[in-house]
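Heads up: the structure comes next, in structure tokens.
Quick note: numbers below take in every heavy atom, side chains included, and nothing from hydrogens, waters or symmetry partners. Below, chains carry the letters A, B, ... as their sequence lines are ordered, and counting in each starts from 1.
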Amino acid sequence: MISFEHSIATAVAKTDAFSETEVLQLLSIPQETTHGNFSLPCFALAKKMRKAPKLIAEELATQIQLPKELSKVEPVNGYLNFFIDRSFLASSVLTEIQEEGLLYGHAKPNGKTVIIDFSSPNIGKELAFHHLRSTMIGNSLSRIYKASGYHVERINHLGDWGTAFGKLIVMYLRDGGSLEEEALEALTVKELNILYSAFSKASLENPELENEARVVFTKLEEGDSLYRKLWTAFKKATLKELNRIYKMMDVSFDHYTGESFFEDRIPAVLEELREKELLVKSQELDVVMLDEFDLPPCLIRKSDGSTLYATRDLAAALYRKKEFNFTKCLYVVDLGQSLHFKQVFHVLKKMGYDWHKNMHHIPFGVILQQTEEGKWEKGKTRSGKSNLLRDVIEAAGNKILAFIDEKNPDLENKKEIATQIGISALTFNDLKNRRTIDVKFDWDSALSFDGATGPYVQNAHVRLCSIMRKANYTAKISDADWGILTNDAAYELLKVLQRKSANIQKACETDEPSALAQYALEIAEAAHRFIHQDRVLGSPEEKSRLFLVQSTQVVLENVLTLLGLFPIRQM
RNA sequence: GCCUCCAUAGCUCAGUUGGAUAGAGCAACUGCCUUCUAAGCAGUAGGUCGUGCGUUCGAGCCGCGCUGGAGGUACCA
């Protein structure tokens, strides 16, 4: 992989005006194409050299010896503007893509392990639309980290423990639910969901139920066999449906170690906290004080002795460190839980674990939908339709299918493709902006083929595939004439392809799939423009252009995959 | 009260770590299809970067204050 930045740095450093690292730090990519590909501001030197920046730039321009990959250096108003040699760009970028294929721009394995904890839904409930966020951000991050050289462990930290199960069990038994194996086997999440809402309703009239649920959960914790049996059945029923949806979205996990998994590791955690004299009684419960960090106490154990979220997360963190010896552990969980993670990480710090600083909460904003009055709110859809993820996916697929029926009714597997485009559209809509801002979800703009959408990006990929299919030709390096790929449209596209590695790296360093999503849009735009301006099939330049088309398709396919979108070939 | 996140075109958002004249998309208006998916491309119009100070050669970006919105803040997760 050649780095134009490094070539420039080396060339400039030979003049002794800047060091290589200074150049690399100052070098930027100008917005104006007339300002070249890279720009070096000379203002910082003005004081040191007691000269006007404009003069410095002019002098440096005459002194710099250009390497072959650069065609020109031009001083403008105190900037040194560098221009890449177009032919060299084409040959270096395309040769590399040809050699590395889908892995172009990926980093070599670095031997480090990263844990990504994502999706993590609650057992007993169906996936709701908002679960898409953690699931797709985490899914994309795990692919991005892998492409950045990490070994990735994907963990689904299921919410399969807690008072909620007391509620479910109480309600199930109250309703006269069967205890026969077959009946338990046939349970569905849907039924469990109904039990939940039934419980909420019933407990309003009979507040004593809340207490009953708490008692049942405590017994479950103590190992009551009937409750265990029900709990297992509830979990099984939920996982069945979860896996159906994950499969549909092409999301997978290496571990389904939920909260219950850590149940028997909790005594050891409590013991350790006690040993290190961190556990304090406060208002009838056990806490770890975090005053020195200006944080409220971390609650470890309730007054009735049962455990809390934080306790289980501590046990999970200790287990993961021991089991995987990670360099980094990410929690893809919504913004509202920032305080919780801050507290847990600080407890680890107080326990003397230096690796607490490798624990990262990756927060994200909520999904908002517009009410009839035009206000953005959490929760229900405008028409009051279901907010279950499976229903949203189905609705998205149907909308896309109607579109395909209109534009390309003879398409094979159109139902399946429509679902994949629908899921990709929802995913892209979730990933295209910075994580921390709320997603303002709008059906029409998310599923549109125009603008910054999944379908738009997929369409670019489809068009590239379509050209390759019709050409029925596999591009060979010996067929390409780099000189042909130097006009504006080709050159702009090549510049974009050249940035793949930098964009993967940026997405990884900032834990922001949005950086890659924006890049996918850039590729799509440049690709659409290229095939619009430069006729490929049947033109005298056909072979060289096909080479660029194929390379672009390969880059785009991989970027789509890293985002967790389906790289559709026909639509 | 305290803490966190957010504020950029009518709407939804980018902004390469402090660089040149702040960029896209949607909506509006105008062009371009007997040619590889017009599911596309090109163009016009649209801005006091919430606000006031400060830091410096230079601030949408960094610091402090203020305003407005969202969330969190002891026995849910």
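Comparing the same atom, C1', in B/A14 and in B/U37 gives a spacing of 28 Å after rounding to whole Å. The same atom, P, is picked in B/A45 and in B/G52; the two are 28 Å apart, to the nearest Å. Rounded to a whole angstrom, the distance from the C1' atom of B/C11 to that of B/G72 is 29 Å.
Syn is the glycosidic conformation of B/U17, whose angle stays within 90° of 0. The glycosidic torsion of B/C33 lies within 90° of 0, placing the base in the syn range.
Among the protein residues, A/Leu285 comes within range of the nucleic acid bases, having at least one heavy atom under 4.0 Å from a base atom. Contact annotation for A/Asp313: no contact, since no heavy-atom pair falls under 4.0 Å across all strands. Residue contacts shown for A/Gln533 are absent, as no nucleic acid heavy atom lies under 4.0 Å away.
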Atom pairs, protein N/O to nucleotides 67-69 of chain B N/O, distance under 3.5 Å:
none

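For A/Ser303 and A/Glu525, each mapped to the nucleotide of RNA chain B holding its nearest heavy atom, the one lying further toward the 5' end belongs to A/Glu525.
Put simply, the side chain of A/Ser3 gets close to the backbone of A/His6: a donor and an acceptor are under 3.5 Å apart.
Comment: A/Lys414 engages A/Asp405 in a salt bridge, judged by a side-chain N to carboxylate O separation of less than 4.0 angstrom.
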